[in-house]
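Chain letters run A, B, ... following the sequence lines, proteins first, then strands; residues in each count from 1.
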Amino acid sequence: MVEITGMKQVSEVVWEIPTSYKQGMVVPARIYATKKLLGGMDRGVFEQVTNVASLPGILKYAYAMADAHWGYGFPIGGVAAFDMEKGVISPGGIGFDVNCGMRLIRTNLRFAEVKPKVKELVDLLFRLVPAGVGVKGFVNVSQSQFEEIMRFGVKWCAENDYGWDDDVSHVEEGGFIKGADPSKVSTQASSRGIRQLGTLGSGNHYLEIQVVDPSRHFDPELAKNFGIVHPDQVLVMIHCGSRGFGHQIGSDYLRVFDGAMKRYGINVRDRELACAPFTSKEGGDYYGAMVCAANMAFANRQVIVHRVREAFKKVFHREAEALDLHIIYDVCHNVAKSEKHRLNGSEKELLVHRKGATRSFGPGHHDIPAPYRQLGQPVIIGGSMETGSYLLIGTAKAMEETFGSTAHGSGRTMSRTAAKKQIRGNELQRSMESRGIYVKAATMDGLAEEAGVAYKDISEVVETMSIAGISKKVVALRPIGNIKG
Amino acid sequence: MPYRFLSNVAIADIAYEVRSRDVGGIFEGAAIALTEVMVDRRTIRPRLKRDVRVTAEDIDRLLYDFLTEIIILKDADSLLFKEFDVSVEGEKNLHCTLKGELIDRSRHRLRNDVKAVTMHMFGVKKAKKGLKATVVLDI
């Protein structure tokens, strides 16, 4: 375990690094982890979260969630809220894949009905949803339509026959974040993104057929509110983001901020923490462009849902509506947003960065869709393709403690290069099939890199957040079919 | 090979190091390594040509922008390249002739879809014998 001078245990799963740890820290850093997870965290997490704690205008704490691992600038699993006037915005606090996120769709099918058709379903989805290097999406749009997508995300999709009326309200922020400014997006970013609407990407992105794990159906009554009524019900999970469009916006503004910091007298310990005051021209321009990417990502996941509905219809010979293929929810886990939170006894508007972290708003929050408002926001935690995923809900304690935030996934423990040296993709594919997980991958190298052993124990991550009280377990989901980019 | 992949630098991503006696070799090696992350370069044929010109404030930013151009060409034009004929003037101006072809999933052994070049550890430094560049890619 990495020794951190002065780190103290605040509660069973919360650890605090004081401002005395490093010169320039404005606030302490807090890490959410069991002793086991803390012991496995790389030094980069501690160095990066304390670097974040040194940024201008940061409030309360810099956070690392239980799935934290080394990232660029911010750790993955990082949360930081900034004063809107005195604080900064940082592409490193969001990630290149703006609004990478998770979407969960339910079906009314049970495992026994789907099991014999998993291969047919996965093979069809693999054809319908392009994945991997340099693939074109299945939605052709003009530049002006693409700009509408930048502004209106899922709303554009629903108005253009790529969604149902109630899809919009079941996506974080109602399917689009306000404040998009397409004039702040470079030609290169548009050229990378315009042909990629309706593509999964590669890396850790996936489209997965899942089944409720009956042995970990934690709160069946609560689950009913999300339409999960059977202990072996089949669901579909999508993990992807804004593709080359968001990646280029991240690259463009990293360059802009790298040069702009001098002008604002900002010194950072790591070039990837490049930032600018939120109120500056550069800060405002990046926010307007970043929101465009976030809305494109919402739309990307939406058009993929459209294809999922088509695939189920074809394989099960029933209309998608009859199969109850409704979106349970969609969460961002790489984004910065303006949100109102209570701080020192009064409500204040803050800029909350979540990089590899999920919003976890508690019961009663007006941003939660009406059917779920009194329960808390659905939180979708994606695991590795071998180990499964979770549906949780947000809590009042998350609002008090972490600016309404929790973890996002399992977090890596092994590098891609190391994983490829240890694991062969085709052997892993056969092994997974023998365990009831049928996987189709764009490349075998990519499959090997995503093996379960390369990730932390997701159950330990979820348990940490549950013990901390910043999200509550509803149901665990195990994979039965997976498409990897 | 003028480059080697680094196993323990970027947990979620891919890092590599390039060594060369001269600036042109660094840029060519960095482009080849980037391409090898995306595809087995042996499966690419040099069937069409593209010219890339980049101007930047310094050698680090010149390399960053050059590698970013290769990523843009992959996404915007579905192009991957086998050969890179690079000439760098004054560490601020680059001209590269790239030879490659359109992505063909049936023939190319594709690997990772690179998202971006990061600034983490990024840069060109003097080494014992010439120059060394470190690049970390976001996957």
Side-chain angles (χ1 to χ4, degrees), chain A residues 42 44 69-73 76 92 95-97 131-136 188-196 199 201-205 241 243-248 250-252 254-255 258-259 270-274 356 411-418 420-421 442-443 445-446 449 454 485, chain B residues 4-16 35-40 43-44 56-58 60-62 64-65 67-81 100-105 108-123 136-139:
Chain A
D42 49 287
H69 62 85
W70 177 94
Y72 307 114
I76 311 292
F96 286 100
D97 196 1
V133 181
V135 291
K136 290 179 192 171
Q188 289 93 332
S190 284
S191 73
R192 281 184 74 180
I194 196 164
R195 301 177 325 126
Q196 292 190 324
T199 59
S202 75
N204 62 353
H205 294 149
R243 308 287 294 110
F245 182 57
H247 310 160
Q248 191 58 38
S251 300
D252 290 342
L254 186 61
R255 284 280 271 113
D258 192 45
D270 177 348
R271 231 169 154 183
E272 279 284 331
L273 276 176
R412 286 189 81 94
T413 56
M414 188 190 292
S415 75
R416 292 180 181 280
T417 309
K420 265 193 301 198
K421 282 180 185 165
T443 76
D445 282 350
E449 290 172 14
Chain B
R4 68 182 181 102
F5 290 104
L6 308 171
S7 286
N8 295 310
V9 170
I11 291 178
D13 301 292
I14 291 177
Y16 63 86
T35 303
E36 286 288 353
V37 172
M38 301 190 283
V39 64
D40 182 340
T43 64
I44 303 282
E57 309 91 300
D58 54 45
D60 286 2
R61 291 178 173 93
L62 194 68
Y64 185 91
D65 290 350
L67 296 177
T68 299
E69 279 296 325
I70 295 170
I71 297 170
I72 292 170
L73 286 166
K74 175 260 299 175
D75 281 341
D77 296 344
S78 296
L79 289 169
L80 289 170
F81 300 96
E101 63 181 332
L102 283 167
I103 294 174
D104 180 348
R105 288 166 71 88
H108 296 148
R109 191 175 171 218
L110 298 165
R111 293 174 173 153
N112 285 293
D113 200 13
V114 174
K115 290 176 184 170
V117 181
T118 78
M119 291 277 188
H120 183 72
M121 296 171 68
F122 185 83
V136 180
L137 302 171
D138 192 2
I139 301 297

### Task
Grab the two heavy atoms, one from B/Leu110 and one from A/Thr443, that are nearest each other, plus how far apart they are.
O-CG2, 2.7 Å

### Query
From B/Leu73 CG over to A/Arg192 CZ, what is the distance, rounded to the nearest 0.5 angstrom?
10.5 Å

## Note on the structure
Turns out that what part of B/Asp40 lies under 4.5 Å from chain A's heavy atoms comes down to neither

### Query
Could you state the interatomic distance from NE2 (A/His247) to CG (B/Asp138), rounded to the nearest 0.5 Å?
7.0 Å

### Query
So, are A/Glu449 and B/Arg111 salt-bridged, with charged N and O less than 4.0 Å apart?
no

### Message
Could you walk me through whether B/Arg61 and A/Asp258 satisfy the side chain to side chain contact (heavy atoms under 4.5 Å, CB included) test, starting with their C-alpha distance in whole Å, then the side-chain angles of each, then the deciding distance to 0.1 Å, before giving a yes or no?
### Response
CA-CA 10 Å; B/Arg61 291 178 173 93; A/Asp258 192 45; 2.8 Å; yes

### Task
For each of A/Gln188, A/Arg255, A/Lys421, A/Arg271, tally heavy-atom pairs with chain B at distances under 4.5 Å, and name the one with the top tally.
A/Arg255

### Summary
What one should report as the nearest heavy-atom pair of A/Ser202 and B/Asp113 is OG-N, 2.8 Å

### Query
Can you tell which of B/Met38, B/Lys74, B/Arg105 has the highest number of heavy-atom pairs within less than 4.5 Å of chain A?
B/Arg105

### Task
Pick one of side chain, backbone, both or neither for B/Ile103, based on which atoms fall under 4.5 Å of a heavy atom in chain A.
side chain

#### Entry: Per-residue contact mode, A/Thr413 against chain B (heavy atom under 4.5 angstrom)
backbone

### Message
Under 4.5 Å from any heavy atom of chain B, what part of A/Ala131 do you find: side chain, backbone, both or neither?
### Response
backbone

### Query
Heavy-atom distance under 4.5 Å between the side chains of A/Gln248 and B/Ile71, does that happen here?
no

### Query
If you look at every heavy atom in A/Phe96 and B/Val117, which pair is closest and at what distance?
CZ-O, 3.7 Å

### Summary
Output for pair (A/Arg416 CZ, B/Leu137 CG), nearest 0.5 Å, gives 11.5 Å

### Task
Under 4.5 Å, counting heavy-atom pairs only, tell me which of B/Val114, B/Leu102, B/Asp65, B/Leu79 racks up the most with chain A.
B/Asp65

#### Entry: Stepwise salt bridge (charged side-chain N to carboxylate O under 4.0 Å, His left out) test for A/Asp445 and B/Arg109
CA-CA 10 Å; A/Asp445 282 350; B/Arg109 191 175 171 218; 3.6 Å; yes

## Note on the structure
So CE of B/Met119 and CG of A/Leu273: to nearest 0.5 Å the spacing works out to 12.5 Å

### Message
Can you tell me which portion of A/Asp42 sits under 4.5 Å from chain B's heavy atoms? Options are side chain, backbone, both or neither.
### Response
side chain

### Query
Once the angle between the rings of A/Tyr72 and B/His120 is folded into 0 to 90°, is it parallel (under 30°), tilted (30 to 60°) or perpendicular (over 60°)?
tilted

### Message
Nearest 0.5 Å, please: how far is CG in B/Leu67 from OG in A/Ser251?
### Response
11.0 Å

### Message
Given heavy-atom pairs under 4.5 angstrom as the criterion, report whether the side chain, backbone, both or neither of A/Arg195 touches chain B.
### Response
side chain

